[in-house]
Amino acid sequence: SDHIHTQYGYGQKIWAYTLAGLVAGIALIFAINQIRIAGLFWIMLNHRDQFELFHGYLAPILVVGMAAVFFILWMRLAPSSHDETGNAAE
């Protein structure tokens with residue numbers, strides 16, 4: 001009984017963490033994209049000759065880079081399937 005309860009509690013923790021990461025990731029990408037669009041609009045109005053550089057190269061690198069950093073941090077902070085002694089959670 002304790003064995004099943006321990007697994008169930010751990011499974012809930014993983015799903016809650018996964019859902020929180022998914023929601024936070026979507027919100028982050030949405031916010032970054034809004035900033036990207038506003039920035040590209042400003043560049044188009046004020047530095048039209050630089051638009052292709054920012055639209056085609058720099059902005060996508062920024063979006064993908066920030067998404068990658070978020071994912072790496074999210075994975076590093078994920079709950080471990082091992083306890084403090086290094087044994088697998090039961």
Rounded to the nearest 0.5 Å, how far apart are CD1 of Ile43 and CZ of Arg36? 10.5 Å
CE (Met44) and CD1 (Ile37) are apart, to the nearest 0.5 Å, by 11.5 Å
Rounded distance (nearest 0.5 Å) linking atom CD1 of Ile29 with atom CD of Gln34: 12.0 Å
Any chain of hydrophobic side-chain contacts (each under 4.5 Å) joining Leu53 to Leu45? yes
Should Leu40 and Leu58 be counted in the same cluster of Ile, Leu, Val, Met, Phe, Trp and Tyr side chains packed under 4.5 Å apart? yes
Can you name the nearest heavy-atom pair linking Met66 to Ile32, along with the distance? CB-CD1, 3.5 Å
Closest non-hydrogen atoms of Tyr17 and Trp74, given as atom of the first, atom of the second and distance, are OH-O, 2.5 Å
Report whether Phe71 and Leu77 are members of the same hydrophobic cluster (ILVMFWY, side-chain heavy atoms less than 4.5 Å apart, transitive linking). yes
Tell me whether Val64 shares a hydrophobic cluster with Phe30, the cluster being built from Ile, Leu, Val, Met, Phe, Trp, Tyr side chains joined at under 4.5 Å. no
Please give me the minimum heavy-atom distance between Lys13 and Pro79, naming the atom from each residue. CE-CB, 3.7 Å
Using 30° and 60° as the class boundaries, would you call the ring planes of Trp42 and His47 parallel, tilted or perpendicular? tilted
Considering all heavy atoms of both residues, which atom of Phe70 and which atom of Leu28 are nearest to each other, and what is their separation? CB-CD2, 3.5 Å
